[in-house]
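Working notes, beginning with the structure itself.
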Amino acid sequence: MIKRVRVRFAPSPTGGLHMGGVRTALFNYLFAKKHGGDFILRIEDTDQTRFVEGAEEYIINALKWCGIAPNEGVGFGDGPHKPYRQSERKELGIYKTYADKLIGSGHAYYAFDTSQELDEMRKRMEAAKVVAPQYNAITRQNMRNSLTLSEDEVKKLLENGTPYVVRLKVPRNEEIRFQDIIRGWVTVNSSQVDDKVLLKSDGMPTYHLAHIVDDIEMQISHAVRGEEWLPSAPAHILIYRYLGLENEMPLLAHLPLILNPDGNGKISKREARFPVFPLSWKDPREETPYIGYKESGYYPEAFVNILALLGWNPGTNEELFSVEELGKIFDFDRVHKSGAKFDPEKAKWFNQQYLRKKSDAELAEAFKPVLKEKGIVRDDKFIEEFCKLLKEKVQFTHEFWEQGKYVFEMPAHYDEKVITKKWNETSKDLYTKLLTRLENLSNWDAIILHDDFALAQTEIGKLDMQLVRVLITGVAGGPQLFDLLALLGKEESLTRLRTALSKLS
RNA sequence: GGCCCGUUCGUCUAGGGGUUAGGACACGUCCCUUUCACGGAUGAAACACGGGUUCGAUUCCCGUACGGGCUACCA
């Protein structure tokens, strides 16, 4: 029997969703698309101490912006397995049922140790030169739990309402072998796995129990998550096994991490010199908000394209893909094992590629707010023409202004380098003659201007086109000069030329 | 420290027992353009190291080095 593909993205609402998380969501989404399956959003809010206001909403909005919306789950209409928020599922007693089952079969036990007692145990272990103190098959023998306490004592403690956790009883020395879709077979000895807490003293499940219960109940076919989960996967295998669900458990896929471009480690939101969040994120606990890809001028399709190629590739030389295309060709067999350093420079290039695919009208529409903000009024046709001229020069919409503001404003000063080099005592006379010629020109379009300039050179002397450009715009570079003159129009162009001539005397 | 995972140009990567080790970003040069950019061409640039296995290893195996992850009543 082949299971229907059902994958989930299951973040914790502990902050803004960063690009690594989005990439995990994306790969889940693409895999679901590829196999015509379901993509589910589950909110894993089992840690009440780390809950952050607005995080859940942010996650939902970010997925929407990226165009990788789940078809089931929190914020996306729920579905047959609702609720999809673990805190709500806990109220239903779902997790306790499974925990009780494990206790019943002797694979889990109650532990009454206080955090102080746990600290003391760790200190003792460290003093005894144990490098990694663990609550495990050895140390649990000296702790206060239902394995060391008598049945009566345990009963009494429970009746008295003594706080307890439920721990997984991990065997002392047993090979645990499991297959990962991306990494192949992984073998770990159970001596390396601690007796993981399954149910916390506040009654909430930990991730380890909760995700397993939910993946089973929600009929998840593939558990796709970051590499940071690989070390705890053996414990998860044990839980499935002790629950008698090993044959029903989802296939595992551990994704490589996205690494910091310079130096090492996972991308850090604090130190990064590039956006790490898709949308800007204001953490209620912090002063300054983080600016997002959206606010930095990235198109969602570019952002998604960048992410898709971090740790995966199509096996061809093509690099530009829409989400739809990716959903047809993506699969785990071409996902890497090793982490990928993120390159902000290449990210910009991707955005440029998408910007250039936009029509002049679309670009103009996006640029209008900038003009409006500056109090500049121009008709649509003018703005479109402007965008057409400058689109080859920009990577982001906001650069239209930086690159071409001289179209909308009279030059305040003239590029010094060019003036120093090219403006001499004969210039004023020469360009005044040019001005006179242009005043008499009846047609003002790029081709006519081009021809007339050529002709002018034979009649009034050699013109320096870059100098002309500087007289008109103030800056040394820009789009085709004749196109630019045509865009400015005769009156504006000549006014600028006159102004320059008088200022430069 | 221990455990797990990894390692092809600076970066993202293709490839995979016999290749001039391919592409993209960034960088250099040239062409196009009466400027800049775009585009085109081109250059520099990589199989971490040491042992095996093999006629032959960048490719397979083992070590080492390096990188990363994990090592909570966090996910």
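Protein chains get the first letters and strands the later ones, always in sequence-line order, with residue 1 at the start of each. These values consider heavy atoms only, across backbone and side chains, with no hydrogens, waters or symmetry-generated copies.
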If the [atom1] atom of [N] is compared with that of [M], how far apart are they to the nearest Å?
N: B:U29; M: B:A37; atom1: P; answer: 11 Å
N: B:A48; M: B:U58; atom1: P; answer: 10 Å
N: B:U7; M: B:A26; atom1: P; answer: 27 Å
N: B:A14; M: B:G22; atom1: C1'; answer: 6 Å
N: B:U53; M: B:G69; atom1: P; answer: 37 Å
N: B:A21; M: B:A44; atom1: P; answer: 13 Å
N: B:U54; M: B:C61; atom1: C1'; answer: 12 Å
N: B:C47; M: B:U8; atom1: C1'; answer: 4 Å

Separation of atom [atom1] in [X] from atom [atom2] in [N], rounded to whole Å:
X: A:K341; N: B:C25; atom1: NZ; atom2: C1'; result: 15 Å
X: A:N313; N: B:U8; atom1: CG; atom2: C1'; result: 13 Å
X: A:Y406; N: B:U35; atom1: OH; atom2: P; result: 15 Å
X: A:N189; N: B:C4; atom1: CG; atom2: P; result: 9 Å
X: A:L355; N: B:C38; atom1: CG; atom2: P; result: 13 Å
X: A:N317; N: B:G23; atom1: CG; atom2: C1'; result: 4 Å
X: A:E345; N: B:C27; atom1: CD; atom2: C1'; result: 11 Å
X: A:D483; N: B:U34; atom1: CG; atom2: P; result: 11 Å

Regarding [X], tell me which of base, sugar-phosphate or nothing describes its non-hydrogen contacts under 4.0 Å with the strands shown.
X: A:V475; result: nothing
X: A:A132; result: base
X: A:G226; result: nothing
X: A:Q457; result: base
X: A:P479; result: base
X: A:R334; result: sugar-phosphate
X: A:K266; result: sugar-phosphate

Does the pair [X]/[Y] count as a salt bridge with the N-to-O cut at 4.0 Å?
X: A:D343; Y: A:K346; value: no
X: A:K337; Y: A:E227; value: no
X: A:D283; Y: A:R285; value: yes
X: A:E286; Y: A:R270; value: yes
X: A:R42; Y: A:E44; value: yes

Relative to the ring of A:F277, is the ring of A:Y58 parallel (under 30°), tilted (30 to 60°) or perpendicular (over 60°)? perpendicular

So, for A:Y242 and A:Y240, is the gap between ring centers shorter than 6.0 Å? no

What is the pairing partner of [N], taking Watson-Crick or G-U wobble pairs with both distances under 3.5 Å in any strand?
N: B:U53; result: none
N: B:C38; result: none
N: B:U20; result: none
N: B:G10; result: B:C25
N: B:G67; result: B:C5

Side-chain donor or acceptor of A:K346 under 3.5 Å from a matching atom on the base of B:A26? no

Within the modelled atom types, does a donor on one side and an acceptor on the other bring the side chain of A:Q134 and the base of B:U71 under 3.5 Å apart? no

Checking A:T458 side chain against A:L455 main chain: does a donor-acceptor pair fall under 3.5 Å? yes

I'd like to check the salt bridge (charged side-chain N to carboxylate O under 4.0 Å, His left out) partners of A:D194; sequence neighbours left out, ordered by chain and number. A:K196

For A:E91, enumerate each residue passing the salt bridge (charged side-chain N to carboxylate O under 4.0 Å, His left out) test, keeping only those at least two apart in sequence or located in another chain. none

Between B:A14 and A:H336, is there an OP1 or OP2 to side-chain N/O distance shorter than 4.0 Å? yes

Can you give me the N/O atom pairs linking the protein to nucleotides 72-75 of chain B at distances under 3.5 Å, or say none if there are none?
unit_1 : atom_1 : unit_2 : atom_2 : d
B:C73  : OP2    : A:R122 : NH2    : 3.4
B:C73  : OP2    : A:R167 : NH2    : 3.2
B:C73  : O2     : A:S201 : N      : 2.7
B:C73  : O2     : A:S201 : OG     : 2.8
B:C73  : N3     : A:S201 : OG     : 3.0
B:C73  : N4     : A:D113 : O      : 3.1
B:C74  : OP2    : A:K200 : NZ     : 3.3
B:C74  : O2'    : A:D47  : OD2    : 3.0
B:C74  : O2'    : A:R50  : NE     : 3.2
B:C74  : O2'    : A:R50  : NH2    : 3.2
B:C74  : O2     : A:R50  : NH1    : 3.4
B:C74  : O2     : A:R50  : NH2    : 3.4
B:A75  : OP1    : A:T46  : OG1    : 2.9
B:A75  : OP1    : A:K200 : NZ     : 2.7
B:A75  : OP2    : A:Y207 : N      : 3.3
B:A75  : O3'    : A:S12  : OG     : 2.7
B:A75  : O3'    : A:E44  : OE1    : 3.4
B:A75  : O2'    : A:S12  : OG     : 2.7

Where each residue is assigned the nucleotide of RNA chain B containing its nearest heavy atom, which of A:R183 and A:E319 is assigned the position nearer the 5′ end? A:R183

5' precedence on RNA chain B between A:V186 and A:K462 (nearest-nucleotide basis): A:V186

